[in-house]
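Below you'll find the structure I mean.
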Amino acid sequence: MDETPLEHERRAKVARWRSQGREPYPWSFPGRVPTETVRARCRPLAAGEEAGGEPVRVAGRLRALRVHGKTAFADLDDLSGALQLIVREDLLGEAAYRGWLADLDSGDLVGAEGRPAVSRRGEPSLVASRLELLAKAIAPPPEKYHGLQDPEERLRHRHVDLLASAESRARFRARSLLVRETRHYLDGAGFLEVETSTLVPLAGGGAARPFTTRSAYLAEELQLRIALELPLKRLLVGGLERVYEIGKCFRNEDLDSTHSPEFTMLELYWAYADYRDMQALVEGLYRRLAERMGEILPEVPAARAAAQAFADGFASIDFVEELERRSGLTRLLERSPEELRQYARAAGSTVPDDSPPGVFLDKLFEHYVEPDLSRPTFVFDHPAVTTPLAKRHRSRPGRVERFEFYYRGMELGNAYTELNDPDEQLLRFQEQSAAREEDRYAFDEEFVRALRYGMPPATGIGIGIDRMAMAFTGAPSIKDVILFPLARGRTA
RNA sequence: GGGCCCGUAGCUCAGUCGGUAGAGCAGGCGGCUCUUAACCGCAAGGUCAGGGGUUCGAACCCCCUCGGGCCCGCCA
């Protein structure tokens, strides 16, 4: 490993520490409380006042040091926030005080013991009567004011991004809390969480190119799943009635601000219910998430805005009516594929002319409607030609029972009343195989056979967890909510 | 896959017309008992992403490679 001059200096301090018989990497720091506890105890104090009682112990990362001769101020970060330490020569003694200043650096992990106090300038603080080095940082932290800005460095060295950025820490905590609350909500609604296989012989349930790998034992090629749908529906056939899975899916496609080759999907299937029941479930889930996020992370402005938006509830629009209203086009369901192709062309689409007609309608919707779906919005009852795998609408010809929902122009989820007629399912698989490239569409015979045993009428939904996290944290890119997103080449 | 842009000190960034490298932070030394991007003084710190070319001379112009960002395409 190469070493910069800065690291050389810090190593020299470690050596000095050891030469004095002190351990630069001790084992523990018992009795420590979060810095938030100290801030709370400072609240009743006036500026310049110190709390009485037993001393308290805090631990965290040193972010900044401001040395003023015989008094020094240090900012200590822990997961609960930041706290100022006040270190005084008259409390530690001159030798200890000078020694600390010589050997401490920003980035070091330190423990401090002392009494809560509010500085004369009004800053909640801990007046240290004792300091301990808990782990020396050899590598210097990023610049204290701007932090780590380079997006590549931030994702390749996520640990540095996290230690330098309370916002980044908050975003990943938010993601974790969203998943936890989602589980609580679904468990409370009587759903069973299951885990199905990631490694499969044939990745189905969507139209995406799979990753492939090989089992040395089976001497067979395997694929990484692209969706959770087909195995979960087989569980409905098996009588599990209400199931969900939260798990990684993999699609061998390019990445952009809303797509990652490796992403986390929530899929949920609910027997004897339809897509209107699912709508109610989704509304309840997002209202609950909004409440919890509002409680947990009120300090993140984008999180507060999202929480408010979802607390206000969803708008509902009809796919065809909204598209016609915004585009000025009329009677879209009656148009020929050729007419739809011309409309899509006029709207700037470059999809191939021989695409299925549903593709042109999707492109028109993307062009005329999607960008304006900034508040939470359900889009209902898509044209059947855009959605070959949903159940046809019970009363609206040419439509399917489906909704998607959007926030800030981004699709967050997609729900159907599920197709459970085995013969129709077989027919649609066959049509797809004929219309599309073979390698992009799996024809899962075992799934069709499963439907022959009878799958109860059911509704299902897929919700992208990464996008959920983006929505609730205001992250502009999916990479901001994935701890270690795929990056080209070696991490140096 | 196509287009545009970016890569300079550990970090954040300047760098003019092609004339041989700058600041702030961090770190070192000195000063300072209420600062919070602390402040003041001194000194130090560079494979200008990598390679090739043009030129008397390249961080700067040209070509290639690597990595990244944005837009488009692809992607129920």
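Below, chain A is the first sequence line, B the second, and so on; all start at residue 1. Keep in mind the model is a prediction, meaning the values are calculated, not measured.
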Among B/rA26, B/rC34, B/rC13, which nucleotide has an atom closest to any side-chain atom of A/R88?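 Ranking B/rA26, B/rC34, B/rC13 by closest atom to the A/R88 side chain puts B/rC34 first.
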Would you mind pulling out the nucleotide paired to B/rC60, Watson-Crick or G-U wobble, both distances under 3.5 Å?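 The answer is none; no pair meets the criterion.
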Of the nucleotides B/rG69, B/rG67, B/rC34, which has the atom closest to the A/L155 side chain?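 Out of B/rG69, B/rG67, B/rC34, the nucleotide with an atom closest to A/L155's side chain is B/rG69.
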Protein-nucleotide distance (A/H157, atom NE2; B/rG68, atom P), rounded to Å: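 Rounded to the whole Å, the gap is 12 Å.
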May I ask you to check whether A/Y269 and A/E267 show a side-chain donor-acceptor distance below 3.5 Å?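 Per modelled atom types, A/Y269 and A/E267 side chains form a pair under 3.5 Å.
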Atom pair distance, as rounded to whole Å: OH in A/Y145 and P in B/rG10: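 Going from OH in A/Y145 over to P in B/rG10 covers 23 Å.
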Please check the phosphate of B/rA26 (OP1 and OP2 only) for any side-chain N or O of A/R10 closer than 4.0 Å.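 So the side chain of A/R10 is outside the cut-off, no N or O lying under 4.0 Å from OP1 or OP2 of B/rA26.
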Integer angstrom distance from the C1' of B/rC56 to that of B/rG15: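 23 Å, rounded to whole Å.
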Length of the line joining A/D103:CG and B/rG28:P, which is rounded to integer Å: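 A/D103 atom CG is separated from B/rG28 atom P by 10 Å.
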Are A/K391 and A/D274 close enough for a salt bridge, meaning some N to O gap below 4.0 Å?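 No, no charged N to carboxylate O under 4.0 Å.
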Within the pair A/K363 and B/rC74, is there a side-chain N or O less than 4.0 Å away from OP1 or OP2?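 Result: yes.
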For the P atoms, the ones on B/rC4 and on B/rA76, what distance do you get once it is rounded to whole angstrom?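 Their P atoms lie roughly 29 Å apart.
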Report the distance from atom CZ of A/R209 to atom C1' of B/rC75, rounded to the nearest whole Å.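 Nearest whole value for this atom pair: 9 Å.
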Applying a 3.5 Å limit to both distances, which nucleotide forms a Watson-Crick or G-U wobble pair with B/rU12?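 In the structure as shown, B/rU12 has B/rA23 as its Watson-Crick or wobble partner.
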Say we look at B/rC13 and B/rG7: how far apart would their P atoms be, to the nearest angstrom?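 B/rC13 and B/rG7 have their P atoms separated by 11 Å.
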Which one, B/rU33, B/rC75, B/rU12, comes nearest to the side chain of A/E253?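 Selected nucleotide (nearest to the side chain): B/rC75.
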As a test of reading the structure: which of B/rG27, B/rA76, B/rU12 is closest to the side chain of A/E229, going by heavy atoms?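 The answer is B/rA76.
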State whether the number of non-hydrogen atoms from other residues, nucleotides or ligands found under 6.0 Å of A/R335 atom CZ is greater than 12.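 Enclosed.
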Under 4.0 Å between any heavy atoms, over every strand shown, what does A/D256 touch: base, sugar-phosphate, or nothing? Just pick one.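 Base: the residue A/D256, judged by heavy atoms under 4.0 Å, touches a nucleobase.
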Pairing partner of B/rC4 (Watson-Crick or G-U wobble, both distances under 3.5 Å):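 The base-pairing partner of B/rC4, which may sit in any strand shown, is B/rG69.
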With P as the reference atom in both, quote the distance from B/rC61 to B/rC6 in angstrom, rounded to an integer.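 Result for the P pair: 9 Å, nearest Å.
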Using the ring of each side chain (for Trp, its six-membered ring), is A/F405 parallel, tilted or perpendicular to A/F403, with breaks at 30° and 60°?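 Ring orientation, 0 to 90° scale: tilted.
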Out of B/rG68, B/rA76, B/rA26, which nucleotide sits closest to the side chain of A/P140?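 Nearest to the side chain of A/P140 among the choices is B/rA26.
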From B/rG10, B/rA37, B/rG68, nucleotide with atom closest to A/E152 side chain: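 Shortest atom-to-atom distance from the side chain points to B/rG68.
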Would you classify A/G48 as touching base, sugar-phosphate or nothing, given that sugar-phosphate means primed atoms plus P, OP1 and OP2, and contacts are heavy atoms under 4.0 Å?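 Answer is nothing: A/G48 stays at 4.0 Å or more from every strand.
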Interatomic distance at P, B/rC25 relative to B/rC40, whole Å: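 B/rC25 and B/rC40 have their P atoms separated by 8 Å.
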Nearest of B/rG10, B/rA76, B/rG27 to any side-chain atom of A/R402?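 Nearest nucleotide to the side chain: B/rA76.
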Please report the distance separating the C1' of B/rG57 from the corresponding atom of B/rA43, rounded so that it comes out in whole Å.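 Going atom to atom, C1' in each nucleotide, I get 31 Å.
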I need the CG-C1' distance between A/L76 and B/rU36, as an integer number of Å.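 Rounding to the nearest Å, CG of A/L76 and C1' of B/rU36 are 14 Å apart.
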Please state how far atom CG in A/D254 lies from atom C1' in B/rC70, giving the value in whole angstrom units.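 A/D254 atom CG is separated from B/rC70 atom C1' by 14 Å.
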Residue whose closest nucleotide on RNA chain B lies nearer the 5' end, A/L148 versus A/Q84: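 Nearest nucleotide further toward 5': that of A/L148.
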Hey, does A/T387 reach any base, or is it just sugar-phosphate, or nothing, if we go heavy atoms under 4.0 Å?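 The answer is nothing, as A/T387 stays clear of every strand by at least 4.0 Å.
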In whole angstrom, give me the gap between the C1' atoms of B/rU8 and B/rC71.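 It comes out at 27 Å once rounded to the nearest Å.
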Please compare A/V67 and A/L104 by the position of their nearest nucleotide in RNA chain B and report the one closer to 5'.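 Final value for this comparison: A/L104.
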To the nearest angstrom, how far is A/I478 atom CD1 from B/rG68 atom P?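 Roughly 17 Å, once rounded to whole Å.
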Does the side chain of A/K479 get closer than 4.0 angstrom to OP1 or OP2 of B/rG69 through an N or O atom?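 For A/K479, the contact criterion (side-chain N or O under 4.0 Å from OP1 or OP2 of B/rG69) is met.
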Ring geometry between A/F365 and A/H382 (parallel below 30°, tilted from 30 to 60°, perpendicular above 60°):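 Tilted, since the angle between the ring planes falls between 30° and 60°.
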Nearest to the side chain of A/E143, heavy atoms from C-beta on, is which of B/rG69, B/rG24, B/rG28?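 The nucleotide sitting nearest to the side chain is B/rG24.
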Taking only the C1' atom of each, what is the distance from B/rU16 to B/rG31 in whole angstrom?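 Approximately 38 Å lies between the C1' atom of B/rU16 and that of B/rG31.
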So what does A/Y97 touch, heavy atoms closer than 4.0 Å: a base, only the sugar-phosphate, or nothing?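 It contacts nothing in the nucleic acid.
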Looking only at the side chain of A/D90 (C-beta and beyond, no hydrogens), which of the listed nucleotides B/rG67, B/rC34, B/rU33 gets closest?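 Selected nucleotide: B/rU33.
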Any base atoms under 4.0 Å from A/E123, or only sugar-phosphate, or nothing? Heavy atoms, all strands.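 Result for A/E123 = base.
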Please confirm whether A/R467 makes a cation-pi placement over A/Y407, using NZ or CZ under 6.0 Å from the six-membered ring centre and within 45° of the ring normal.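 Not flagged: A/R467 not positioned over aromatic ring of A/Y407.
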Between B/rG28, B/rG68, B/rA37, spot the one nearest the side chain of A/A487, thanks.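 Within the option list, the nearest is B/rG68.
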Write down the partner of B/rG41 under the Watson-Crick or G-U wobble criteria, each distance required to be under 3.5 Å.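 Matched B/rG41 with B/rC29 under the 3.5 Å cut-off.
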Sidechain N-carboxylate O distance under 4.0 Å for A/R39, A/E36: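 Judged by the 4.0 Å cut-off on N to carboxylate O distance, A/R39 and A/E36 do form a salt bridge.
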Look at the side chain of A/H259 and the base of B/rC75, then say whether one donor and one acceptor between them are separated by less than 3.5 Å.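 Checked by distance alone, the answer is yes.
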Pick base, sugar-phosphate or nothing for A/N414, based on heavy-atom distances below 4.0 Å to the nucleic acid.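 Base, at least one base heavy atom under 4.0 Å.
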Indicate yes or no for a side-chain donor-acceptor contact from A/R251 to the backbone of A/G206 under 3.5 Å, with no hydrogens or angles considered.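 No, A/R251 side chain to A/G206 backbone: no donor-acceptor pair under 3.5 Å.
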Would you please say whether a donor-acceptor pair under 3.5 Å links the side chains of A/R225 and A/T196?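 Result is yes, a qualifying pair exists.
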Separation of atom NE2 in A/H68 from atom P in B/rG30, rounded to whole Å: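 Rounding to the nearest Å, NE2 of A/H68 and P of B/rG30 are 18 Å apart.
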